[in-house]
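In what follows, a single structure is set out as structure tokens and then discussed.
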Amino acid sequence: MSNTNILNPAAIISAITLVVAIISPVIVTILNNLHSVKMRKLELNHEKKLKYFQKQQEVFNNFLQATSCQIETDYTTSRTEFIRAYSELMLYIPNIYWDKFNNLYNFVDKRDKASAIKELSSVTKILGKILQESDL
């Protein structure tokens, strides 16, 4: 008596192996693509932060240089550079420090050299702190 409803175990194993062999590369490809997308997003985010940090550092350096030059001289070109550097700086510092930098601007504008030098020292520390926080 032969029972045709009972499947051959070898055929079942072969069928499972065939299904796994077809599905496995598809799953691996999907997972690799998801991982690649995630890694690319992380790389782009890192590049964006790095460019911002570098620009911020450049703006801070330009501001310090222009301010020092303006404190020591009263040339029209150094004044123009100081105003430009100050204006650009405001884009890269938190608004909680704006009053402090405005005080420096006023001292430089009024040609109060002693107060300007003292205030410049203070704001330089703030800029250093901002850069250290941005570097993290």
Side-chain angles (χ1 to χ4, degrees):
M1 185 162 132
S2 165
N3 190 348
T4 58
N5 290 340
I6 299 177
L7 295 175
N8 184 355
I12 293 173
I13 291 174
S14 295
I16 291 172
T17 304
L18 177 65
V19 169
V20 169
I22 293 171
I23 293 176
S24 178
V26 172
I27 292 173
V28 168
T29 302
I30 291 170
L31 290 175
N32 281 340
N33 286 343
L34 290 174
H35 177 68
S36 294
V37 167
K38 194 175 198 178
M39 290 302 295
R40 185 65 183 144
K41 284 181 181 178
L42 287 173
E43 287 172 6
L44 290 173
N45 189 33
H46 176 70
E47 286 176 20
K48 181 180 174 184
K49 287 181 180 180
L50 181 61
K51 285 180 182 179
Y52 181 83
F53 176 77
Q54 290 171 338
K55 180 63 177 176
Q56 188 179 43
Q57 189 176 28
E58 177 187 332
V59 167
F60 290 3
N61 287 336
N62 289 343
F63 171 75
L64 292 174
Q65 184 178 17
T67 304
S68 298
C69 186
Q70 179 60 25
I71 290 172
E72 292 301 319
T73 64
D74 195 18
Y75 301 130
T76 305
T77 55
S78 62
R79 178 161 178 71
T80 303
E81 183 60 26
F82 167 69
I83 293 170
R84 188 205 58 76
Y86 175 80
S87 299
E88 189 176 22
L89 176 74
M90 292 298 115
L91 299 173
Y92 290 93
I93 61 171
N95 60 353
I96 60 172
Y97 299 118
W98 287 358
D99 288 339
K100 187 79 168 162
F101 284 85
N102 192 42
N103 289 341
L104 173 62
Y105 181 88
N106 290 333
F107 289 138
V108 172
D109 189 45
K110 293 176 183 172
R111 307 293 305 145
D112 185 350
K113 188 174 180 177
S115 298
I117 291 172
K118 183 179 177 184
E119 198 68 21
L120 179 61
S121 175
S122 177
V123 300
T124 301
K125 293 173 186 172
I126 292 171
L127 294 176
K129 179 182 171 187
I130 293 170
L131 281 178
Q132 288 173 353
E133 291 171 354
S134 292
D135 193 28
L136 300 177

Within this structure, what is the OH-OG distance for the pair Y105 and S87, rounded to the nearest 0.5 Å? 7.0 Å
Single-linkage hydrophobic cluster V59~F53, side-chain heavy atoms < 4.5 angstrom: yes
Rounded distance (nearest 0.5 Å) linking atom CD of E119 with atom CG of N102: 10.0 Å
So how far is it from E81 CD to N62 CG, rounded to the nearest 0.5 Å? 6.5 Å
Looking at CD of Q57 and CD1 of I130, how far apart are the two atoms once the value is rounded to the nearest 0.5 Å? 13.0 Å
For L127 versus F60, what's the shortest heavy-atom pair and its separation? O-CE2, 3.7 Å
Give the C-alpha distance, both sets of side-chain angles, the deciding distance and a yes or no for ring-ring contact (aromatic ring centres under 6.0 Å, His included) between Y52 and Y92. CA-CA 9 Å; Y52 181 83; Y92 290 93; 5.4 Å; yes
Regarding E88 and R84, does a basic nitrogen lie under 4.0 Å from an acidic carboxylate oxygen? yes
Do I13 and V20 land in one hydrophobic cluster if side-chain heavy atoms of ILVMFWY residues count as linked below 4.5 Å? no
Is the closest side-chain heavy-atom distance between R111 and Q70 below 4.5 Å? yes
Lys/Arg N to Asp/Glu carboxylate O, E43 vs K38, below 4.0 Å: no
Between OH on residue Y97 and CD1 on residue I126, distance to nearest 0.5 Å: 6.0 Å
Nearest 0.5 Å, please: how far is NZ in K125 from OG in S122? 7.0 Å
